[in-house]
Amino acid sequence: MYSDNGKISVRQFQILLILDILGVSIIVMPKYNALGLGNTGFVLVLGGGFFALVSVFLICALSGFLNAYGFSDGVSRLIGRPLSRLVSAGLVIKPAFSLGSDLRIFSAAAKLWLLPKTPVFIISAVTLLPCLYGAFKGYETRARLGEILIFIILIPLALVYIPCLFKADYSSLGENISADKNIYIKGSLYNCLMFSGLEFLMLSFPYLKKPYSVKPAAVWAMVFAVIAAACVNLGAISLLGADLTASYDFPGVEVMDISVISKGKGAVIMSFFYLPVVMFAIGSIFFGGELIKDITGLPSKGGKCFTAFLGFVLSLIPENMTELMNVNLCFNLFFGTAYFFVLPVILNILLRFKRDEYDE
């Protein structure tokens, strides 16, 4: 394996973005879309994709500036060092919380179908340890790993959901199409905030070989991931029905019972659940460690260990999936909105006023 001094290609960047978005959250997403909009719930994923594309455009507009200065230094130049440290600390907490959520979802699913007698904290710890090692190896290693794992993740996904799309009943698909527009707006925003990894965009530019060409790459990766997520939701809701979909904690997995690989559900869970968790965890721990180093001056390995431990602790707090998703909603409404929309808008405005100082 040849090193490229920690830099990754645009294609590798696209793969990582797709894998981050197609994380374990899309397995539980059909439940809440069915609750919100019944058989038409998959439309909320497309609405979430629209909001996500707005966020991508806002963040990519900062690509030249953040590539030149990095996130922590760049933000401190625009808003001052004390406030920049607070913003960076929040950006440690945001992916650490998402990591804890993914660990808990995976642990709950593994306990339900694979390891019924194993405590959740042991599953979470065993899941997290190789991710910490991967984060120590650097961001380029994560990109190279993504090039391998994307096929292992997408092939089972296609084998499960393509047959589901042909078997599903679409007769009642548009029965709630005239629902209150507020349901569409709120549901779409919540779907956008469930897409993990968007916050990594602001941190990735210094690691890209061609940061100035990232916008079209990010847009196409986002479009692909959103269409795939919409197919998961459409397949689950149309095949199981809105009421049954809303009653399951993991409706995205329940459809495997009628797919071509239903007898290997446990193996599919391990590939489709575990590998996206690994990829997202490596990114969360890596960037968390780098941000903590920038904030405190501590070695990055110590920061990575702290980020991993924080994600592990957060994964143990919710007592059940209902509590987890309620906490997720409240957290993402604040932190997700802040880092997907509010912060990029503020930074773009400040950069526009100070463009004479910073030549991108």
From CA spacing to verdict: side-chain contact (heavy atoms from CB on, under 4.5 Å), Leu189, Phe341: CA-CA 11 Å; Leu189 179 59; Phe341 302 104; 4.0 Å; yes

Output all residues satisfying salt bridge (charged side-chain N to carboxylate O under 4.0 Å, His left out) with Arg81, sequence neighbours left out; order by chain, then residue number. none

Backbone N or O of Phe97 within a donor-acceptor pair of the Ser101 side chain at under 3.5 Å? no

Between the side chain of Asn39 and the main-chain N/O of Ser238, is any donor-acceptor distance below 3.5 Å? no

Please give me the minimum heavy-atom distance between Ala135 and Lys304, naming the atom from each residue. O-NZ, 3.2 Å

In this structure, CD1 of Ile150 is separated from CG of Leu19 (nearest 0.5 Å) by 4.5 Å

Are any non-hydrogen side-chain atoms of Asn320 and Leu324 less than 4.5 angstrom apart? no

Test side-chain contact (heavy atoms from CB on, under 4.5 Å) applied to Ile282 and Leu145, step by step: CA-CA 10 Å; Ile282 292 174; Leu145 186 62; 3.9 Å; yes

Side chains of Phe331 and Lys94, heavy atoms from C-beta outward: is any pair under 4.5 Å? yes

Between Asp294 and Ser72, the two heavy atoms sitting closest are OD2-OG, 3.2 Å

Restricting to non-hydrogen atoms, name the atom on Leu240 and the atom on Pro251 that form the minimum distance, rounded to 0.1 Å. CD1-O, 3.9 Å

Test item: Leu275 and Met279 side chains (from C-beta on) under 4.5 Å apart, heavy atoms: no

Can you see which heavy atom on Leu103 is nearest to which on Ser315, and at what distance? CB-CB, 3.8 Å

Are any side-chain N or O atoms of Lys111 and backbone N or O atoms of Pro116, one a donor and one an acceptor, separated by less than 3.5 Å? yes

Side-chain contact, heavy-atom cut-off 4.5 Å: Phe335 with Phe340? no

Judged by atom type as modelled, is there a donor-acceptor pair below 3.5 Å linking the side chain of Ser107 to the main-chain atoms of Arg104? no

Taking the inter-plane angle between the rings of Phe106 and Tyr274 on a 0 to 90° scale, is it parallel (under 30°), tilted (30 to 60°) or perpendicular (over 60°)? tilted

Consider only side-chain heavy atoms of I, L, V, M, F, W and Y, link residues closer than 4.5 Å, and tell whether Phe280 and Val126 are in one cluster. yes

Is there a chain of hydrophobic side chains (I, L, V, M, F, W, Y, each step under 4.5 Å between heavy atoms) that links Leu350 to Leu83? yes

What's the separation between atom CG in Leu17 and atom CG in Leu198, rounded to the nearest 0.5 Å? 6.5 Å

Student check: side-chain heavy atoms of Phe312 and Leu99 closer than 4.5 Å: no

The reported gap from CD1 in Ile237 to OG1 in Thr40 (rounded to nearest 0.5 angstrom) is 8.5 Å

Greater than 12 external heavy atoms within 6.0 Å of Asp243's CG: no

side-chain contact (heavy atoms from CB on, under 4.5 Å), that's the test. Do Phe57 and Val219 meet it? Break it down for me. CA-CA 8 Å; Phe57 277 104; Val219 168; 3.9 Å; yes

Residues that Val92 engages under side-chain contact (heavy atoms from CB on, under 4.5 Å), provided they are two or more places apart: Leu291, Ile292, Thr307

Rounding to 0.5 Å, atoms CD1 (Ile346) and CG (Leu78) come to a distance of 11.0 Å

Interatomic spacing from CE in Met29 to CZ in Phe250 - rounded to 0.5 Å: 14.5 Å

Which value, rounded to the nearest 0.5 Å, describes the distance between Met202 atom CE and Ile59 atom CD1? 5.0 Å

Would you say Leu91 and Leu193 are hydrophobically clustered, going by side-chain heavy atoms of ILVMFWY under 4.5 Å? yes

Test side-chain contact (heavy atoms from CB on, under 4.5 Å) on Phe42 and Val232; report intermediate values, then the result. CA-CA 8 Å; Phe42 78 97; Val232 171; over 6 Å; no

Under 3.5 Å: donor-acceptor pair, side chain of Gln14, backbone of Ala217: yes

Validation row: Val10, Ser213 side chains within 4.5 angstrom (heavy atoms): yes

Check whether any side-chain N or O of Ser88 sits under 3.5 Å from a backbone N or O of Ile295 as a donor-acceptor pair, and report yes or no. no

When every non-hydrogen atom of Ala221 is compared with those of Ile18, the smallest separation belongs to O-CG1, 3.7 Å

Quick one: do Phe121 and Ile317 end up in the same hydrophobic cluster if we chain Ile, Leu, Val, Met, Phe, Trp and Tyr together by side-chain heavy atoms under 4.5 Å apart? yes

Is any side-chain heavy atom of Phe286 less than 4.5 Å from a side-chain heavy atom of Arg142? no

Same cluster for Phe200 and Trp220 if Ile/Leu/Val/Met/Phe/Trp/Tyr side chains link at under 4.5 Å? no

So, Phe65 versus Phe205, ring centres under 6.0 angstrom or not? no

Donor-acceptor under 3.5 Å (Tyr339 side chain, Val87 main chain): yes

Suppose we screen for ring-ring contact (aromatic ring centres under 6.0 Å, His included). Which residues come up paired with Phe13, at least two apart in sequence or across chains? none

Is a side-chain donor or acceptor of Ser63 paired with a backbone partner of Cys60 at a separation under 3.5 angstrom? yes

Quick one: does any side-chain atom of Lys293 pair with a main-chain N or O of Leu298 as donor and acceptor, under 3.5 Å? no

On a heavy-atom basis, which atom in Ile15 and which in Gly146 lie closest, and how many Å separate them? CG2-O, 3.4 Å

Quick one: does Asn67's side chain get under 4.5 Å of Leu208's, heavy atoms only? no

Answer yes or no on whether Lys301 is positioned over the face of Phe136, meaning its NZ or CZ is under 6.0 Å from the six-membered ring centre and within 45° of the axis. yes

Less than 6.0 Å separating the ring centroids of Tyr139 and Phe287? yes

